[in-house]
Asker: 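Pasting a structure here, questions to come.
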Amino acid sequence: MSTNNENGGWTTVGSSSRRNKKKKRNMHSMRKHLTMEEGEQMGGGVGRQRLSEDKDPAPSERVIAHYTVLVESAISEVQDSMYFKSTLQALRDHMVNMDGHIQCMYVWGLGSVEQPGAVHIRYQVAMAVLLHRTFSPECSETYDPIYSRVDRLVHESYGFHVADASDGKVVATVPTLFFMPHCEACLTAHLLRRNIESDTLHNVIMLGNSLKTYKERGEMGIRRDDEHVAYLVAACVSRVREIALPEYGFPVSGAFNDLSLHMFSKE
């Protein structure tokens, strides 16, 4: 990783790559269907989006085995990658300065392994599994409103509790790792706001979109959601340390691009 740079109280380690917008999911090509409760915008939370299980029949053992094999193959590739090794080292270095170990883990917004053409998703699942195996958190939870029954069974087989809803408003009362690759800005905003208000931000370890980039885009007024995150980031700018994680040539495009590791100090 490159040397530290100080930018108005913001500590960034490493070099950030160009941010690519996350492609919208092709819902019509997937075999599951969703319903959305009305009246939920920025403050309402994605937890109101839920699966219509009557249109998502129970998968066969053959289908489950097929996707498990794909995830297992991805786990082997990610485990041997420089990207995983550098991320793990950054986490371990941070844990030396923390009181205790990672006790909880939340994984949000991975998407469905059944999504056609979205190969990167299984590699994100693989990363989540490897982090879970490495730190053995006492509680671990995952959620995405588009999870199918196949997704639920795959995640459960690796020891994750699959939540029925989540809005990102989790209070980290103990050291907690949040893996949020390319999640919507509202989830980041909810997580920051809740833990700033609860004085628990120092327990948050976030592997997700760059807060520095959110801050810059919010100040430019590019997107309303980014402005919300930028406002919250400004409230804790003196406490955040961001480590940009180069992809080290990871061969699967879109799996880990533009992610950073964020840690927060006590006030």
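Reckoned from all heavy atoms, side chains included, excluding hydrogens, waters and symmetry mates. Nothing here was measured: the structure is a model prediction, and the numbers come from that model.
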Asker: Given Phe256, which partner from the list Phe179, Phe250, Tyr248 fulfils the ring-ring contact (aromatic ring centres under 6.0 Å, His included) test?
Answerer: Phe250
Asker: Would Tyr106 and Phe178 count as a ring pair (Phe, Tyr, Trp, His ring centres under 6.0 Å) if you check the C-alpha gap in whole Å, the side-chain angles of each, and the deciding distance to 0.1 Å?
Answerer: CA-CA 5 Å; Tyr106 289 84; Phe178 295 87; 5.4 Å; yes
Asker: Is the closest side-chain heavy-atom distance between Pro137 and Leu177 below 4.5 Å?
Answerer: no
Asker: Working note: Met263 + Ile243, criterion side chain to side chain contact (heavy atoms under 4.5 Å, CB included); need CA distance, chi angles, decisive distance, verdict.
Answerer: CA-CA 9 Å; Met263 292 81 70; Ile243 301 176; 3.6 Å; yes
Asker: Rounded to the nearest 0.5 Å, what's the gap from CZ on Arg92 to CD1 on Ile102? Could you check?
Answerer: 10.0 Å
Asker: Considering only residues two or more places apart or on different chains, which pairs with a residue in residues 139-171 satisfy disulfide (SG to SG under 2.5 Å)?
Answerer: Cys104-Cys139
Asker: Who are the side-chain contact (heavy atoms from CB on, under 4.5 Å) partners of Ile64, not counting sequence neighbours?
Answerer: Pro59, Thr68, Leu153
Asker: So, the side chain of Glu141 versus the backbone of His161: is there a donor-acceptor pair under 3.5 Å, distance only?
Answerer: no
Asker: Are Val240 and Lys212 packed together at the side-chain level, in the sense that at least one heavy-atom pair is separated by less than 4.5 angstrom?
Answerer: no
Asker: Check whether Leu130 and Leu70 end up in the same hydrophobic cluster, where Ile, Leu, Val, Met, Phe, Trp and Tyr are linked by side-chain heavy atoms less than 4.5 Å apart.
Answerer: yes
Asker: Under 4.5 Å between side-chain heavy atoms, counting indirect links through other Ile/Leu/Val/Met/Phe/Trp/Tyr residues: same cluster for Val174 and Val204 or not?
Answerer: no
Asker: Could you tell me whether a side-chain N or O of Asn203 sits under 3.5 Å from a main-chain N or O of Thr176, the two making a donor and an acceptor?
Answerer: no
Asker: With a 4.5 Å heavy-atom cut-off, do Tyr158 and Ile75 have their side chains touching?
Answerer: yes
Asker: Does the side chain to side chain contact (heavy atoms under 4.5 Å, CB included) test come out yes or no for Leu110 and His155, once each step is laid out?
Answerer: CA-CA 11 Å; Leu110 297 188; His155 285 288; 3.8 Å; yes
Asker: Mind listing the closest non-hydrogen atom pair of Ala172 and Asn195 along with its distance?
Answerer: N-OD1, 2.8 Å
Asker: How about Tyr83 and Val78: do any of their side-chain heavy atoms sit closer than 4.5 Å?
Answerer: no
Asker: For His132, check ring-ring contact (aromatic ring centres under 6.0 Å, His included) against everything at least two apart and list the hits.
Answerer: Phe160
Asker: State, to 0.1 Å, how close His262 and Leu211 come at their nearest heavy-atom pair, and which atoms those are.
Answerer: NE2-N, 3.1 Å
Asker: Tell me whether Val107 shares a hydrophobic cluster with Val171, the cluster being built from Ile, Leu, Val, Met, Phe, Trp, Tyr side chains joined at under 4.5 Å.
Answerer: no
Asker: Measure the spacing between NZ of Lys169 and CG of Leu187 and express it to the nearest 0.5 Å.
Answerer: 10.5 Å
Asker: Apply side chain to side chain contact (heavy atoms under 4.5 Å, CB included) to residues Leu207 and Leu91 and explain how you reach the verdict.
Answerer: CA-CA 10 Å; Leu207 177 54; Leu91 279 166; 5.6 Å; no
Asker: Flag the pair Asp151 / Asp144 as yes when at least one side-chain heavy-atom distance between them is below 4.5 Å, and no otherwise.
Answerer: no
Asker: Contact between Arg193 and Glu197 at the side-chain level, heavy atoms closer than 4.5 Å - yes or no?
Answerer: yes
Asker: Among side-chain atoms of Asn257 and His182, is any donor-acceptor pair under 3.5 angstrom?
Answerer: yes
Asker: Testing the basics here: between Tyr214 and Glu184, what is the closest heavy-atom pair and its distance to 0.1 Å?
Answerer: OH-C, 4.2 Å
Asker: For the residue pair Ala255 and Leu259, what are the closest heavy atoms and their distance?
Answerer: O-CD1, 4.4 Å
Asker: Report the C-alpha separation of Phe135 and Ile205 in whole Å, then their side-chain angles, then the decisive distance to 0.1 Å, and conclude whether the side chain to side chain contact (heavy atoms under 4.5 Å, CB included) test is met.
Answerer: CA-CA 13 Å; Phe135 295 104; Ile205 307 165; over 6 Å; no
Asker: Can you measure from CZ (Arg152) to OH (Tyr143) and round to the nearest 0.5 angstrom?
Answerer: 9.5 Å
Asker: May I ask you to decide if Val63's main-chain N or O and Ser60's side chain share a donor-acceptor pair within less than 3.5 Å?
Answerer: yes
Asker: Please round to the nearest 0.5 Å and tell me the distance separating atom CZ of Arg241 and atom OG of Ser260.
Answerer: 11.5 Å
Asker: Please check if the side chain of Gln124 supplies one atom and the backbone of Pro181 the other of a donor-acceptor pair under 3.5 Å.
Answerer: no
Asker: Is it true that a side-chain atom of Ser140 and a backbone atom of Gly159 form a donor plus acceptor pair closer than 3.5 Å?
Answerer: yes
Asker: For the atom pair CD (Glu247) and OG (Ser86), what is the distance rounded to the nearest 0.5 Å?
Answerer: 11.0 Å
Asker: Kindly indicate whether the side chain of Tyr67, heavy atoms from C-beta on, has any atom under 4.5 Å from the side chain of Val125.
Answerer: no
Asker: With distance as the sole test, does Asn209 use its side chain to make a donor-acceptor pair with the main-chain N or O of Cys183 at under 3.5 Å?
Answerer: yes
Asker: Checking the side chain of Arg239 only, and the main-chain atoms of Ser265 only, is there a donor and an acceptor separated by less than 3.5 Å?
Answerer: yes
Asker: Spell out, yes or no, whether Val113 and Val162 are grouped together once hydrophobic residues are joined by side-chain heavy atoms under 4.5 Å, including indirect joins.
Answerer: yes
Asker: Indicate the atoms forming the closest heavy-atom contact of Leu261 with Ala90, along with that distance.
Answerer: CD2-CB, 3.7 Å
Asker: Minimum heavy-atom separation for Cys236 to Phe264, with atom names?
Answerer: SG-CE2, 4.1 Å
Asker: Calculate, to the nearest 0.5 Å, the distance between atoms OG and CG belonging to Ser210 and Asp258 respectively.
Answerer: 8.0 Å
